[in-house]
There are 4 protein chains.
Amino acid sequence: MDYQKILNTIEEELSHKNTLGEVASYIPELAKIDAKKFGMYLYCVNKGKFSMGDSKEKFSIQSISKVFTLSIAMKLMGEDLWERVHVEPSGDPFNSLTQLEYEGGIPRNPFINAGALVIADILVSNLKNPKAELLEFVRNIAGDPTIEYDRKVVESEKSTGYRNYALVYYMKALGNIKNEVEPVLDFYFHQCSLAMSCEQLATAFMIFSNQGKMLETGEEILSAKKVKRINSLMQTCGFYDEAGEFSFEVGLPGKSGVGGGIVAIHPEQYSVAVWSPILNEKGNSELGMAALEKLTTMTGVSIF
Amino acid sequence: MDYQKILNTIEEELSHKNTLGEVASYIPELAKIDAKKFGMYLYCVNKGKFSMGDSKEKFSIQSISKVFTLSIAMKLMGEDLWERVHVEPSGDPFNSLTQLEYEGGIPRNPFINAGALVIADILVSNLKNPKAELLEFVRNIAGDPTIEYDRKVVESEKSTGYRNYALVYYMKALGNIKNEVEPVLDFYFHQCSLAMSCEQLATAFMIFSNQGKMLETGEEILSAKKVKRINSLMQTCGFYDEAGEFSFEVGLPGKSGVGGGIVAIHPEQYSVAVWSPILNEKGNSELGMAALEKLTTMTGVSIF
Amino acid sequence: MDYQKILNTIEEELSHKNTLGEVASYIPELAKIDAKKFGMYLYCVNKGKFSMGDSKEKFSIQSISKVFTLSIAMKLMGEDLWERVHVEPSGDPFNSLTQLEYEGGIPRNPFINAGALVIADILVSNLKNPKAELLEFVRNIAGDPTIEYDRKVVESEKSTGYRNYALVYYMKALGNIKNEVEPVLDFYFHQCSLAMSCEQLATAFMIFSNQGKMLETGEEILSAKKVKRINSLMQTCGFYDEAGEFSFEVGLPGKSGVGGGIVAIHPEQYSVAVWSPILNEKGNSELGMAALEKLTTMTGVSIF
Amino acid sequence: MDYQKILNTIEEELSHKNTLGEVASYIPELAKIDAKKFGMYLYCVNKGKFSMGDSKEKFSIQSISKVFTLSIAMKLMGEDLWERVHVEPSGDPFNSLTQLEYEGGIPRNPFINAGALVIADILVSNLKNPKAELLEFVRNIAGDPTIEYDRKVVESEKSTGYRNYALVYYMKALGNIKNEVEPVLDFYFHQCSLAMSCEQLATAFMIFSNQGKMLETGEEILSAKKVKRINSLMQTCGFYDEAGEFSFEVGLPGKSGVGGGIVAIHPEQYSVAVWSPILNEKGNSELGMAALEKLTTMTGVSIF
């Protein structure tokens with residue numbers, strides 16, 4: 001199959017499309033991004049690599065980072081993790097306090113903000129230098145030692161992340177945050193601010209397509225069973241309140257971020273990352289969703 | 001792969017297992033079932049058929065029927081259907097009025113009770129003789145003209161289904177039920193009371209494994225696209241508040257019922273039905289979940 | 001104090017006031033009422049009687065009837081009543097299912113619809129002929145044997161009262177409705193349809209101003225303690241989601257209905273009824289609220 | 001009426017009563033209080049003063065302070081205040097985030113924590129030195145320049161008040177907190193830590209009994225209209241989720257605190273304060289409620 005042609009077609013057909021949505025604005029630094037950016041990178045298990053557009057330009061990966069921190073937490077705690085965060089879809093906007101209150105401080109899954117904050121708390125408890133170790137983990141699986149936190153985005157998030165402060169304090173009141181609030185949020189704002197390109201993201205996510213092993217070296221980063229759990233979570237919870245729609249339209253496990261990035265994987269076939277900053281009303285990249293839908297339609301491959 | 005051996009192993013290892021759960025008791029007629037019943041039927045696209053235990057004994061399929069009525073509704077309305085019921089996981093116990101109130105009378109998906117009642121309303125509006133036509137549809141895809149409604153179960157449901165009455169009246173107040181309440185509930189209680197065996201269920205669900213076509217005759221019942229939508233919904237919403245767990249443990253689209261039945265399909269490979277009446281705390285068959293988990297583990301096949 | 005002059009001033013200043021609200025429309029029969037109707041009747045413990053406008057014209061008393069049924073239920077059960085309905089303000093729109101779900105089927109107070117339906121259930125259980133006995137009770141305290149149910153309103157409510165059906169079925173599912181649904185709702189729709197004039201209402205409510213005794217005969221209808229309980233409930237819960245505002249603006253215990261009527265009492269001083277069909281956004285009579293506010297301001301009497 | 005005799009009777013009959021509740025424990029400093037403390041102070045408009053037990057011992061007034069800060073906010077803003085906090089009863093436990101989320105960040109009333117935090121934000125915005133000016137206000141109306149904040153309680157609240165942090169951050173996310181979080185909470189924790197005796201509280205609350213004027217000097221602290229508003233709010237919202245019960249049992253406007261204090265007023269008759277640290281399950285002083293109920297029963301005076 002000529003993947004490069006498929007990516008070219010996606011670029012042609014979608015890049016000029018008028019979109020109704022807007023770039024994320026609640027984090028001031030994200031609102032400055034050029035809305036026209038559009039890139040895609042496809043990395044196949046058989047080692048083929050294909051790209052189009054702004055695939056090498058770094059952007060704020062935001063919630064996509066939740067997959068990285070979950071991976072580290074699973075390495076540290078295994079299935080014990082599920083005593084502090086559940087594995088069911090949320091059915092509520094991604095930052096709802098109501099559901100949290102109703103369920104006694106245990107977040108529904110690790111991909112809603114509350115769940116990711118509990119994961120952040122776990123890493124702060126268990127790692128000597130959480131920010132450095134997360135960076136090291138991501139640099140390793142992305143095969144690129146230049147990946148960095150974007151300090152401006154960190155500051156921007158800190159100055160406006162009142163809802164995240166509320167979530168952490170509320171879970172601390174309910175006993176599900178063990179550390180002081182500041183280091184947990186400092187870590188969380190850093191993870192969200194990771195700046196990566198489509199190429200780096202697709203490379204990093206190859207471990208989820210390749211049973212937990214890095215493709216080039218064969219090094220096992222996660223066990224196959226842990227990867228199955230993470231993929232299953234991406235399938236059912238990876239797209240805020242649009243998980244069902246994405247599961248149907250694209251049919252692959254994946255994770256989106258409000259920076260406009262989406263990564264998806266086809267087990268034992270490929271990992272793919274796409275970036276376009278304009279979001280639909282559910283908070284996912286509009287062109288990114290369309291691009292992935294086109295990819296699975298044109299390749300005729302879906303898990304269903 | 002020796003599927004018969006795998007089924008035998010499942011029977012041996014699980015049938016004597018002590019379970020902590022209980023048979024569904026809120027419908028008196030269901031409470032009378034022998035808790036020890038256990039059967040399984042596997043139907044492969046390459047035409048192999050394998051079974052164990054009580055695979056030919058009929059039981060109340062309950063919520064599994066929601067997949068049949070959704071199929072008919074999609075044939076009638078296509079994607080227009082989603083204006084009256086959404087496609088996102090629920091994140092709430094399966095009969096919550098709160099979420100319905102919050103979302104203005106549009107149920108989250110067609111597999112929670114509220115959603116299935118809207119589907120029932122649609123069929124009552126669009127079919128001349130809804131109960132007869134549903135029966136005809138199911139008999140056709142199951143290849144068995146003896147399938148019937150269980151009148152005792154219908155009566156039992158009618159006399160205790162207050163919560164379903166509340167749901168229908170509430171959605172009628174909000175404008176999402178178009179018919180009188182009685183015919184909608186009469187139809188709904190009938191669909192839930194369908195009595196089918198594992199063999200009949202696995203045969204009927206083969207259309208979801210086989211791109212919408214009946215395996216023996218090649219007759220197209222649903223388009224491939226509609227099947228993809230239904231499979232995607234079974235993957236994300238088929239197991240009440242345990243969809244995430246099932247997606248991980250088993251990794252297949254499926255649907256459970258409080259009668260203790262579960263059906264699952266592996267696209268282009270097989271459909272499988274299992275029955276054991278004792279339910280776990282989430283309302284799914286305890287042994288049924290375990291049996292399907294063993295099946296995908298032993299066959300080494302999962303969609304992740 | 002010249003009460004007649006005060007009533008005349010109220011009529012003059014308010015009757016030509018333009019109002020932004022609308023007549024209740026969800027019950028078709030109520031939507032037919034002439035929006036310009038305006039009447040008021042003041043009945044003093046020292047036996048003075050004063051009136052203005054349409055004070056002798058009958059209208060649908062709707063929720064005001066909840067005070068009558070509560071009175072009968074308290075005569076029957078005393079404080080045991082509070083095991084089936086609570087006495088706290090609701091803090092939610094008057095027909096919320098969410099709060100009911102959250103609190104296990106026990107309504108917050110007897111003046112929200114759910115609570116009044118539980119009271120109706122209690123009367124259906126305890127009275128031989130509930131509709132006749134309610135009529136007898138009201139005719140007795142109003143001193144007028146001509147008071148009747150309005151059959152057209154009953155039919156109108158039955159054909160559109162889906163939300164009340166939902167409430168009753170839901171509470172029946174939760175065990176807090178003991179009778180079949182139909183007789184409970186038939187009774188409830190009848191009580192709401194009672195047609196009474198301001199004069200009749202003010203006369204009937206005199207028992208709440210006069211320690212439970214009828215003013216003319218001295219006959220004790222309710223003990224002083226039960227009256228204190230009912231007055232306290234009218235004070236904190238009598239005005240849907242506007243109880244706090246009414247408590248401040250008027251400062252008297254009272255009860256409103258969507259037919260545009262309001263009754264209020266000043267303990268040991270007077271009872272007063274006012275009627276104007278146009279409702280504010282909280283569902284209370286706009287002119288009625290203003291008239292009572294003027295009355296307490298001009299008489300200089302408030303409980304605070 | 002021999003008020004001293006009534007207070008003596010209350011002391012005799014209640015002080016040895018076994019109680020099932022517990023002293024507030026979520027603020028460590030409060031948990032240290034001797035549970036047997038019991039005092040009461042009655043201050044009449046005709047200048048009679050009566051007391052019993054530990055009426056001169058200072059305790060943490062906690063939520064009673066919300067009446068003082070509301071008074072200052074009303075002096076500053078008048079009725080404009082109600083754009084940032086509503087005046088309706090809450091119908092939810094006193095620190096519910098759910099209701100706040102549902103209502104867009106506008107608290108139901110100024111006596112739930114969320115509402116008091118908005119009031120604190122208003123004072124921080126409008127006063128030059130909020131903590132000093134609050135102290136001055138309270139010292140003035142209590143006629144006692146020795147009243148102070150209890151620094152140990154302030155620290156204790158700060159180290160455990162996660163839920164209040166969550167509330168403030170959440171309302172800041174929704175735009176209803178204008179200042180930085182720290183000064184608002186610092187002020188709030190200080191107001192809660194005010195240490196006052198029953199004598200001081202009853203003296204301070206005399207302004208609410210006396211139309212806004214200090215009894216001894218006649219100085220007007222608040223207009224009669226503002227006092228009516230505050231009394232009305234105490235009547236409907238002063239007792240968390242027990243406002244309806246208190247309104248019936250005692251029949252007076254009042255305010256309780258988790259330190260075990262309750263203050264109530266009878267307009268133009270008296271103000272009264274009572275203290276006993278053991279709380280009932282709704283968070284109000286058990287003996288305090290009983291003492292006030294006895295007082296109104298024995299004096300035969302209630303507003304209903």
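When reading the values below, keep in mind they use all heavy atoms of this one structure, side chains included, and skip hydrogens, waters and symmetry mates. Throughout, protein chains are lettered first and strands after them, A, B, ... in sequence-line order, and every chain is numbered starting at 1.
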State whether the number of non-hydrogen atoms from other residues, nucleotides or ligands found under 6.0 Å of Glu219(D) atom CD is greater than 12.
yes
Show your working on side-chain contact (heavy atoms from CB on, under 4.5 Å) between Phe248(D) and Gln235(C) and close with a plain yes or no.
CA-CA 10 Å; Phe248(D) 167 61; Gln235(C) 181 79 27; over 6 Å; no
With a cut-off of 6.0 Å (strictly less than), are more than 12 heavy atoms of other residues, nucleotides or ligands near NZ of Lys226(D)?
yes
Over 12 non-hydrogen atoms of neighbours within 6.0 angstrom of CD in Glu220(D)
yes
Nearest non-hydrogen partners of Pro89(C) and Pro89(D), listed with the distance:
CB-CB, 3.3 Å
Decide if atom CD of Glu83(D) counts as having more than 12 heavy atoms of other residues, nucleotides or ligands within a radius under 6.0 Å.
no
All heavy atoms of Ser232(D) vs all of Gly244(C), minimum pair found to be OG-O, 3.8 Å
Output the distance between atom CZ (Phe239(C)) and atom OG1 (Thr236(D)), rounded to the nearest 0.5 Å.
13.0 Å
Do the side chain of Glu88(D) and the main chain of Ala243(C) share a donor and acceptor less than 3.5 angstrom apart?
yes
So that I can tick it off, tell me whether Glu249(C) and Lys228(D) are bridged by a salt bridge, with the cut-off set at under 4.0 angstrom between side-chain N and carboxylate O.
no
